[in-house]
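Have a look at the structure below before the remarks.
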Amino acid sequence: QQQVKQSPQSLIVQKGGISIINCAYENTAFDYFPWYQQFPGKGPALLIAIRPDVSEKKEGRFTISFNKSAKQFSLHIMDSQPGDSATYFCAGTLLTASKLTFGTGTRLQVTL
Amino acid sequence: EPEVTQTPSHQVTQMGQEVILRCVPISNHLYFYWYRQILGQKVEFLVSFYNNEISEKSEIFDDQFSVERPDGSNFTLKIRSTKLEDSAMYFCASIPAGLRPYNEQFFGPGTRLTVL
């Protein structure tokens, strides 16, 4: 099985808080782990991605933490804003233009 | 900024009918994909296409499905005889050409297919 498990299914965070979404993968051949952000009526858009040779990647308010031994990775959104309200998908794949195996998605709502 | 476009945005069809979903990838992209998302479920891979042939397909992509790139710009997904369970959002995605070390797929906005 090449599943990617994602939790929680939905998340409500107050403005300024930290949003944390967790994923676990099974396929140890995966060597690229992107996070996609999807707004209603739009297709998923790449937000941030990490390779398993690093334990953390930060881009602005978004950070991926990666634990290779546990086969887990997570997305942290610092100082969450209402504009971050969207559905977030983690994925696992290979670097070489391979298919994305998505998690089940997390619907994030950031309240004022 | 160039975008992947898809038409129609919503397609309603009767069970057993053929449908063609259309995608226009970004112009210099070389790898093309179709995914689908049944309402409330995860996005699932259907098929990848490179150099005018299928490079990989999932178990979902059976003989009822086909893809082609008829004119060098459009990328189509055909479902020959639709079933109720084909109702889903279908996403097209693509990857640019050139030395791109990472698998960054650009997605279209999707076509919502409703089979009655």
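Keep in mind it's a predicted model, so treat the numbers as computed, not measured. Proteins come first, then strands; the chains are lettered A, B, ... in the order of their sequence lines, and each starts at number 1.
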With a cut-off of 6.0 Å (strictly less than), are more than 12 heavy atoms of other residues, nucleotides or ligands near [atom1] of [X]?
X         : atom1 : value
Leu116(B) : CG    : yes
Lys57(B)  : NZ    : no
Lys83(B)  : NZ    : yes
Arg107(A) : CZ    : no
Glu18(B)  : CD    : yes
Asp62(B)  : CG    : yes
Gln14(A)  : CD    : no
Glu59(B)  : CD    : no

Chain A contact via Tyr50(B) - side chain, backbone, both or neither, heavy atoms under 4.5 Å: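 Neither part.
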Go through the atoms of Glu56(B) and report whether side chain, backbone, both or neither lie under 4.5 Å from a heavy atom of chain A.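 Just its side chain gets close to chain A.
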Below 4.5 Å, heavy atoms only, C-beta onward: do Leu100(A) and Tyr33(B) meet side chain to side chain? no
Heavy-atom distances under 4.5 Å only: say whether [X] touches chain B with side chain, backbone, both or neither.
X        : answer
Gln38(A) : side chain
Ser98(A) : both
Lys42(A) : backbone
Pro44(A) : both
Thr93(A) : side chain

How many angstroms lie between CZ in Phe106(B) and CG in Leu46(A), if you round to the nearest 0.5 Å? 7.5 Å
In this structure, NZ of Lys5(A) is separated from NZ of Lys42(B) (nearest 0.5 Å) by 10.0 Å
Return the option, out of Met89(B), Gln37(B), Arg112(B), Gln41(B), with the maximum number of heavy-atom pairs under 4.5 Å with chain A. Gln37(B)
Provide the closest heavy-atom pair for Glu104(B) versus Tyr36(A) in the form atom of the first, atom of the second, distance.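 Shortest heavy-atom separation between Glu104(B) and Tyr36(A) comes out as C-OH, 4.2 Å.
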